[in-house]
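Notes for the one structure printed next.
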Amino acid sequence: MRIPCPFCGSRDSREFVSRGDAAPVRPAGDDAEAMFDYVYLRDNPAGLFEELWYHAQGCRNWLRVERNTRDHTIVGARLARPERAA
Amino acid sequence: MTGQPFRLPHGGLIDRLHTLSFRFDGKAYLGHPGDTLASALLANGVRLFGRSFKYHRPRGVLTAGSEEPNALVTLRSGARAEPNTRATTIELFDGLEATSQNRWPSLGLDLMAINQVFAPLFVAGFYYKTFMWPAKAWEKLYEPVIRRAAGLGAVSGLEDPDHYEHDHAFCDLLVVGAGPAGLVAALDAGRAGLRVVLADENPLAGGHLLSERAGLGGLGGAQWAAMAMAELAAMPHVRLLMRTTVFGRFDDGEHGAIEQVADHLPVPRPGQPRQRLWKIVARRAILATGATERPIVFDGNDRPGVMLASAVSTYCLRYGVAPGRRAVVFTATDSGWTTAHDLLAAGITLVAVIDTRSVVTDALAAPVRAVGVQVLTGGQIIAAKGSPLTSIEARDGTGRTHRFAADLLAVAGGWNPQIALAAHLGHKPAWRADIAAYVPGDTPPGLDAAGAAEGRFGLGDILASGRRAAIDAAQTLGRTINPSPLPHAENTPHAVSAVWASGPCKAKAFVDFQHDVTASDITLAVREGFTSVEHLKRYTTLGMATDQGRVGQVNGHGLLAAATGRALAETGTIRARPPVVPVAIGAFGGHHRGRHFRPERRTASHDWAAAHGTVFVDAGQWKRAQWFSLPHETDWRQSVDREVSATRGGVGLCDVSTLGKIELAGPDVGTLLDRLYINMFSTLPVGKARYGVMLREDGLVFDDGTVTRIADDRWFMTTTTANAAPVMRHIDFARQVLWPDLDVAAVSVTEQWATYAIAGPRSRDLLTAALPDLDVSNAALPYMGATTLRWRGHAARLYRLSFSGELAYELSVPARLGAALVEHLFAVGAAFGLIAYGTEALGVMRIEKGHPAGNELNGWTTATDLGMGRMASTKKDYIGRIMAARPALVDPARPRLVGLRPVDGASAIRAGGHLLRPGAAPVAANDEGFVTSACFSPTLGHPIALALLAHGAQRHGEEVVVHDPVRGADVRALVCDPVFHDPAGEKLRG
């Protein structure tokens, strides 16, 4: 599998570490239920899926990679960190 | 030594000027460069190559390629012996040795052929049926017997003396197969400037062109192919990989290929790998893998002398070998007639041509009839007899029976396009009734089939198809091909009728030769309800042999369709999976074997340690000094006890460079650290260090370490050796994903610094002498203080940290100065009795001090479990805060860190032992915890241990039993505070 790293270009997936679903957002505050959902609950969709991959053996950027779970097609990848205003 | 009685007087792509000698089953033979083992043995009149898997039937050669199911031999001997090698692909070399397999005592007389008598026992699903009961008899009786009776070659059991390597290639276009379609595609793409990789499993390019008399463009096929290869070889952007089989297609244009670098040599040249595993990343790929012929199922179709018609042509034309003296052709296709013509041209007696079709064109039949060969139309073979083949019983369309004396039967059942690569990603082949073949259905993105793989069988069509595929590929890459005229080629006739079986198929009529699956096995499977192709495969093992069904699968599915009254399009075919050909595990391993199994990381003073008697231990990829053995020391414990005592009584040095080190910079580091650790860091003053504990978001302890504030916006973190990479990833996640608004930069500097712990009551004296320009007094550098310095002109850092519980420092210098620093410290330190200690002494001292380490930070302990709950700040949020408060994680009954000492003051407490109340039965319900770390304490003079014990904090002074059901012997132990040494911490602050 190849991942198009926006920083390094098309790279072998073995350079990356996968973290899974990119959708959960860490809740602020003390809501234990929300934190439980964040830590444990994941969707497992058949089709397009955005997941987090870490380019551990490359630029060390966390990426949001859009992958089709039906056929492993990778639609695209972007930096997880939002672009900062210059 | 014999002559080569079956060598044709002329012809073939062999070098007749040179002769090679080789041995098969101990007997000496001669052949020529260009031969395969199969062609050379056939030239010498050898017909019998091996015995079959289940029934031990005598088997000869069926094919001339990598799909060969029968002629499997063990190549070479000793440690280089390779079982189940296809004689049809082994390139002959001088001195080659091969032996037949699966026969006892000899190939000619095989007593195991008795299995045929018990054939009813070996029917489809026999494993499932026969040996269900009793279970014990399976292990003791049935399985050993079956394993001895059924099977193929045996591995040598010796270490492989050869080596294998991995390589990567990147290209615009990968062309798989250097036959006519592949060569045209590669030429077109190469001429247009595309980066091309052309791979072919054969040593010679040309594919089917090497096996046919019709040439192209006025040239012979082999000649044209050689010219095409010469042109390609001159293109710098084209890579030619011959003897290379592309065995798998994976996601995103990645292909696996195996190059047989030195298999055609007696032994690899010095430094040369035997095989090379390629990962080829291609933007586009063209499948020009051609087609292989399929046999027809009839009684005795496995007898030596029954051969695929295309293989007969190949042996005649490419190898100059007569595969027999008196031949019969049995065909369902026009291509069988090409073989009939080839046989006549080679001067081999052709007795009859039997065509399953009732009408045959004159163009095909007339030249054959003209020389007096009998032609049967609407014909069937009833049985092939003799071993090797002696006679053939046939029937013509009118029902008349014929018997032919013959030693060669060429069978042409139609062509199977080699499309497995197109199906590896789950794309289903489509059945085309007009050519009676599966062709790629929808193909994976970026892959296109051309030539025979696309279902084109006329040479003119094949060339055009290769060109079309190249133009399409170039177009999708935004490139243009300006085609030059294609060489002229005729479309040879290739009409086919779908015939799977012939005659009664009552006796032994084989569908899958290598796994001995017969027509009646398929009938039986259908009768028992296994009517899906995937069930049929698993029940009968059809297609599960090393040829992956390339020979027998389509026939099997045709028979299944017929037996179930379905069309083949409806029956479908099984999913092809990589690898297309068997690939040695050694090739996948590559150089990663023995001590090269994974990279080895050495610290800066590795060589110094090695020269001072150290025994190294693996800590992940790192090599760490475990202890330093003095000449008189005979036991590791002597060394470790000495190192501990010398450190606690004087001064010791330990290489701690493997700890993870991360440098952080920016105005928001303090805020980030507050969120990463349970305790507060933003308040840490410059020049101070603090110990911290990190949790995972689920509330369990992740890692521990220290952070030092080097400057207002510059911080330095250490992690455990094991978690250096995960903590780096965690920090990057926190600063890039969770809180991208924080202005923090972070970088791993683990390998940039060499760090040494200098511990013991004389450590300050040593440093005062070793670093005379620096004030290391308690006032200048108190406990948990840090300072920067220059050592030999380079930046260095000194931290007052202690893992041992003694007055101690950690001194860091740039990694390249590490060895020099150690030399310097020992030069100065001789006066102070400085010794080096390893990870064992380090471990003993941290157990004596009650510091949790990897055994306690085991992924299911909380900070409270480890006695560090009070470190958690209530003034801030941090990762794991909320989940750590879950009821189960704050349950007071959870096992807590305690110390243990033996009641008798002498018995060793073993790590892993479980803790029971005295008198409690040793059952899981009474389990109260377990020992995490244990050692002999030279400081206290008796064994000690750390353990996790239910309600542990309240049970100091109680007695427990350490139960060790694996190694036996229960030990009574007293629960105590985990800090055995200097609980007040006076030594480290002094």
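Keep in mind that what you see is a predicted model, and the values were worked out from it rather than measured. A note on names: the letters A, B, ... follow the listed sequences, proteins ahead of strands, and every chain is numbered from 1.
- When the heavy atoms of residues 41-48 of chain A are compared with those of chain B, none of the residues falls under 4.5 Å.
- One N or O on the side chain of B:His166 and one on the backbone of B:Ala587 form a donor-acceptor pair closer than 3.5 Å.
- For residues 47-56 of chain A, every residue pair satisfying the salt bridge (Lys or Arg N to Asp or Glu O under 4.0 Å) rule, not counting sequence neighbours, is listed here: A:Glu50-A:Arg64, A:Glu50-A:Arg78, A:Glu51-A:Arg67.
- Within the structure, salt bridge (Lys or Arg N to Asp or Glu O under 4.0 Å) contacts touching residues 668-679 of chain B (residues at least two apart or in different chains) do not occur.
- Distance alone, capped at 3.5 Å, is enough to place a donor-acceptor pair between the B:Thr443 side chain and the B:Leu447 backbone.
- Interface summary for chain A: among B:Ser748, B:Ala746, B:Pro445, the most heavy-atom pairs under 4.5 angstrom belong to B:Ala746.
- Heavy-atom distances place the side chain of A:Val17, and not its backbone, under 4.5 Å from chain B.
- Using a 4.5 Å cut-off between heavy atoms, A:Phe36 touches chain B through backbone and side chain atoms alike.
- In this structure a side-chain-to-backbone donor-acceptor pair under 3.5 Å is missing from B:Gln736 to A:Leu79.
- By the neighbour-count criterion of 12 heavy atoms within 6.0 Å, atom CZ of B:Phe588 is densely surrounded, having more than that number from other residues, nucleotides or ligands.
- Between the B:Arg735 side chain and the B:Val744 main chain, a donor and an acceptor come within less than 3.5 Å of each other.
- Under a 3.5 Å cut-off, the side chain of B:Glu254 and the backbone N or O of A:Met1 do form a donor-acceptor pair.
- Remark: the backbone N or O of B:Phe702 is paired with a side-chain donor or acceptor of B:Asn723 at under 3.5 angstrom.
- When heavy atoms are compared at a cutoff of 4.5 Å, A:Ala56 does not approach chain B at all.
- For the pair A:Arg19 (side chain) and A:Leu52 (backbone), a donor-acceptor distance under 3.5 Å is absent.
- For chain A, the nearby parts of B:Asp732 are the backbone and the side chain; heavy atoms of each come within less than 4.5 Å.
- When heavy atoms are compared at a cutoff of 4.5 Å, B:Phe733 approaches chain A by way of both its backbone and its side chain.
- Rounding to the nearest 0.5 Å places CD of B:Glu697 at 11.0 Å from OH of B:Tyr878.
- Of the two parts of B:Val281, only the side chain, counted from C-beta on, holds a non-hydrogen atom closer than 4.5 Å to a non-hydrogen atom of chain A.
- Neither the backbone nor the side chain of B:Arg696 comes within contact range of chain A; no heavy atoms are under 4.5 Å apart.
- The greatest number of non-hydrogen atom pairs below 4.5 Å with chain B, out of A:Asp12, A:Asp71, A:Val25, is found for A:Asp12.
- Using a distance-only test at 3.5 Å, with no hydrogens or angles considered, a donor-acceptor pair links the side chain of B:His255 to the main chain of B:Gly253.
- Residue contact with chain B, scored on non-hydrogen atoms closer than 4.5 Å, involves the backbone and the side chain of A:Asn61 alike.
- Within the 3.5 Å criterion, the main-chain N or O of B:Asp698 finds a donor-acceptor partner in the side chain of B:Arg886.
- Without hydrogens or angle criteria, B:Thr750 side chain to B:Lys661 main chain gives a donor-acceptor distance under 3.5 Å.
- The stretch residues 421-429 of chain B places none of its residues near chain A, where near means some heavy atom under 4.5 Å from a heavy atom of that chain.
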